[in-house]
Amino acid sequence: MLINQLTHYAMNNHTPVWKFVSLLVLCCVLRSYCNAQASGQNAPQLGKASVKQVIAAMTLEEKAMLVVGAGRGFGPRPPAQSPAKRDSAQKTATQGPMIGQTEQKVPGAAGVTHAIPRLGIPAMVLSDGPAGVRISPIRKGDSSRTYYATAFPVGTLLASSWDTDLVRQVGVAFGHEVHEYGIDILLGPGMNIHRNPLGGRNFEYYSEDPLVTGKMAAAMVEGIQSNGVGTSIKHYVANNQETHRNTINTIVSERAMREIYLRGFEIAVKDAHPWTVMTSYNKLDGTYTSERHDLVTTILRKEWGFKGFVMTDWGGGHNPIAQMKAGNDLLMPGNPNQVKAIIDAVDNKQLDESILNANVEHILNIILRSPAFKDYKYSDAPDLKKDAQVSRMAAAQGMVLLKNSGAPLPFHGVTKVALFGNTSYDMIAGGTGSGNVNKAYVISLAQGLQNAGLQVEASLLKAYPAYLADAKAKQPKPVRGMFRPAPPIPQMTIADADLQQDAADADIAVITIGRNAGEGADRTLPDDYYLSDAEKALIKNVSGAFHAKGKKVVVVLNIGGVIEVAGWRDEVDGILLAWQPGLEAGNAITDVLSGKVDPSGKLATTFAMDYKDVPSAKNFPGKEFPDQAVKVGNRTIMPAEVTYEDGIYVGYRYYSTYKVTPAYAFGYGLSYTSFGYSHLKLSSPTFKGKLYATVIITNTGKAAGKEVAELYLSAPAGKLDKPVLELKGFAKTRLLQPGESQTLRFELNARALASYDTAKEAWLAEAGNYTVRIGASSTDIRQTAKFKLIKGTVAEQDEKALAPEVAINELRGK
Ligand code: BGC
């Protein structure tokens, strides 16, 4: 009967053969599923019976469906079951969850899990992404209102605040939107390492350093989850590029994995207990991360004590059975073939049902905590006005003042600004892809300045928007919707006479340089990492005209990842790195330019002098194997491989050890005031399990401000190779008035002293003298003190895992 109906449906809808086969597969699964539903009158109910009892009552089909998302190919949508106001939206929404039980609650969400009503198991809704809730802003058939969300500042900006309390606060507001839009799990934060500036998704991630990454992610997870919803820290792990992201085989040493790429995840898991972890698309040493038992079970669950569930990235990995065995509990977005493969594998004894039971248990334990299970009556009406203010405040706190020669900032005596650069009038709130947020508006810098009562040079205020509107109308439509940013619009050219006029009229020039990138592609060197010729000409011409009149020029960088700055920075007086600051962009930038907010951000990622200085430049994004390429439909699947020869020498660990001068060092950032560091004290001259360092920070300047102090540790030379220094702690002062001081305190434990000894699979703190260096950046150390570790210590013994099968020609310290 069901098969007949599906055949009929498929024919009427001109369903392609593959879809039809999927429907048939689904049909067989459904038959036994429906039998179970029918016999479910007295079945144990989730929440009333124990999880173990519920699992014992589940059929094999139900278990297989619970571990596979209800995303693609699960057949026609059921009649809507939701409140009347959502009826019409459900009928027309585009994603198709399941078979009679799961309504589409949240159009535009990334995925849903299967419901099993006879056991009281509801479906959960999973939604992107790291900088704000990504759902459809408009629902067909519902023209009465919109469903916008707040675009918060991107990860790179939040990390530059070095302020975990601030990030937690953003998380609290963000998680409230997740909850009020009917979502159970937010697919973020993204926390891969900035291994290379060209990484297309770097904007979603935090830093080149694992401590900053881990602490920021933990704060975000805590904030979001404080609302009673879940997070999914992603992408686990070594997913540091977008080129060939679904096929790339990443080869990394165990030490680099443990110290750099896994470390942030470890901190986030241990400190903040995310509900879920998302495995990445890439392979690690030949095996997809989602199929690696050592990553997903040995390290994540056993070593770190992770208690939630693990899901794949969307369509990630290859073999559902290997994924189940690895402990990757949920396959997203899910398709009927995966359900069938799992059922068959249990029937054929290729998959022990106890493994499936464990995966189901992990998922059920989280469902029990979900808003869906609690039947939370979400409002669909978060307070977007309030959250916009959180976004604006956070944005201003994470901006980094890179240059302020002759103090053009904060504005003084400025009433009229000559505002140049396309992006000044069309700001980039955040990157593209699943990290994009559908927001109601983005405040441009032109608007922001005017909102603060400043004038923007009228001729420019007229010319730029007209030019942009015209250029946008001519732009080709994006090929794959969200996955590619629109090609940048060439800079508007300004006639020399007009420029002279602007320089005569305005008090200062501000030029915005913008960059966008996102999922599916890495950035390019020409016209992206490096400025385009038109951008260079704009900076040169504007600076020439304004300097000739004794007026200053400031560049605002509205970018998601690092660009080249050394070649042009001498031409301008000030540079404010505004990153991609979310929907209040122009207001937040104006807050800093005007001096309403003192810039207190510092770089969580290095700006190199040139790309060739980047330690991973020689092997990014790796090599392709065209002779092994396979055609699938009209796509070519290209096998590719990248070897992390930079080892542990990522970012400042490399620049400091190899004495390569960066343009702007890790940890660097200026303020409108200045700070003194004094009285560094250690709790003991010898290390006995724990050690505390305190330092006094004093505002020695004339404006109120906050200072980020960074604690670096230099370990003694010993058996293990070590970077010259490594970040082991950081803290930010409160707003200090001129003359005011604050004592900051840092804690060091044995792990902070240790490096990873691959031969022993252990974290080893070697005996000798350690130097604590507290500074304003990785190259601006203000106070040092020494302590001694008398006897070498194993800070942690791990299990055998990870070792790559091929030898790597890794960098070693000098
Ligand atoms: C991305 C994930 C995202 C998922 C769901 C994938 O393509 O890599 O970060 O959460 O899609 O949209």
Side-chain angles (χ1 to χ4, degrees), residues 68-72 93-97 104 106-113 124-136 149 154-155 174 178 181 183-193 199-206 213 217 220-221 224 229-248 250 264-265 268 274-283 288-290 308-318 328 330-335 430-438 480-485 517-522 560 635:
V68 175
R72 289 182 192 146
T94 50
Q95 284 179 328
Q104 179 155 13
V106 188
V112 281
T113 60
M124 287 192 295
V125 177
L126 282 45
S127 174
D128 287 308
V133 173
R134 187 172 74 91
I135 55 174
S136 302
V154 298
F174 187 169
V178 173
Y181 272 134
I183 295 155
D184 297 280
I185 295 174
L186 190 275
L187 303 172
M191 51 179 303
N192 295 102
I193 291 290
R201 297 182 79 171
N202 281 1
F203 74 95
E204 294 184 56
Y205 308 146
Y206 294 113
T213 297
M220 182 58 89
V221 166
I224 294 175
V229 295
T231 54
S232 194
I233 56 173
K234 67 188 189 184
H235 310 86
Y236 185 72
V237 59
N239 182 178
N240 308 100
Q241 64 182 60
E242 289 300 287
T243 307
H244 301 308
R245 69 171 178 162
N246 298 90
T247 51
I248 190 81
T250 307
F265 285 95
W275 287 14
T276 80
V277 171
M278 186 191 293
T279 46
S280 54
Y281 281 131
N282 54 288
K283 292 176 185 165
Y288 285 108
T289 54
S290 57
F309 73 77
V310 179
M311 72 176 89
T312 60
D313 197 346
W314 267 227
H318 168 68
N328 192 118
L330 177 66
L331 311 184
M332 288 304 291
N335 68 59
T432 59
S434 59
N436 176 44
V437 182
N438 293 313
R480 287 186 61 205
M482 66 170 200
F483 279 99
R484 292 279 187 281
E519 195 171 339
D522 289 313
R635 284 194 312 146

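What you see is a predicted model, and the numbers here were worked out from it, not measured in a lab. Every number for a ligand or one of its atoms is a count from 1 in the order of the listing. Quick note: residue numbers are just sequence positions, from 1.
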Close approach of Arg201 to ligand 1, heavy atoms, under 4.0 angstrom:
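Contact check Arg201 vs ligand 1: positive.
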Would you say Met332 touches ligand 1, if touching means a heavy atom closer than 4.0 Å?
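Per 4.0 Å heavy-atom rule, Met332 does not contact ligand 1.
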Quick one: which ligand 1 atoms are inside 4.0 Å of a heavy atom on [X]?
| X | result |
| --- | --- |
| Ser434 | 1 (C), 2 (C), 3 (C), 9 (O), 12 (O) |
| Arg134 | 12 (O) |
| His235 | 2 (C), 8 (O), 9 (O) |
| Tyr281 | 6 (C), 7 (O), 8 (O) |
| Ala110 | 5 (C), 12 (O) |
| Met278 | 10 (O) |
| Lys234 | 2 (C), 3 (C), 9 (O), 10 (O) |

Assess whether a salt bridge exists between Arg245 and Asp522, defined as any Lys/Arg side-chain N lying under 4.0 Å from an Asp/Glu carboxylate O.
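Salt bridge flag = no for Asp522 with Arg245.
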Assess the side chains of [X] and [Y]: does a donor N or O sit below 3.5 Å from an acceptor N or O?
| X | Y | result |
| --- | --- | --- |
| Arg201 | Thr432 | no |
| Asn328 | Thr279 | yes |
| Tyr281 | His244 | no |

I'd like to know if the side chain of [X] and the backbone of [Y] have a donor-acceptor N/O pair within less than 3.5 Å.
| X | Y | value |
| --- | --- | --- |
| Asn246 | Asn282 | no |
| Thr289 | Ser280 | yes |
| Asn192 | Asn240 | no |
| Glu242 | Gly520 | yes |

Ligand 1 contact on Met311 by region, counting heavy-atom pairs under 4.0 Å:
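For Met311, no heavy atom sits under 4.0 Å from ligand 1.
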Counting both backbone and side chain atoms, is some N or O of Trp314 under 3.5 Å from an N or O of ligand 1?
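For ligand 1, there is no N or O atom that lies under 3.5 Å from one belonging to Trp314.
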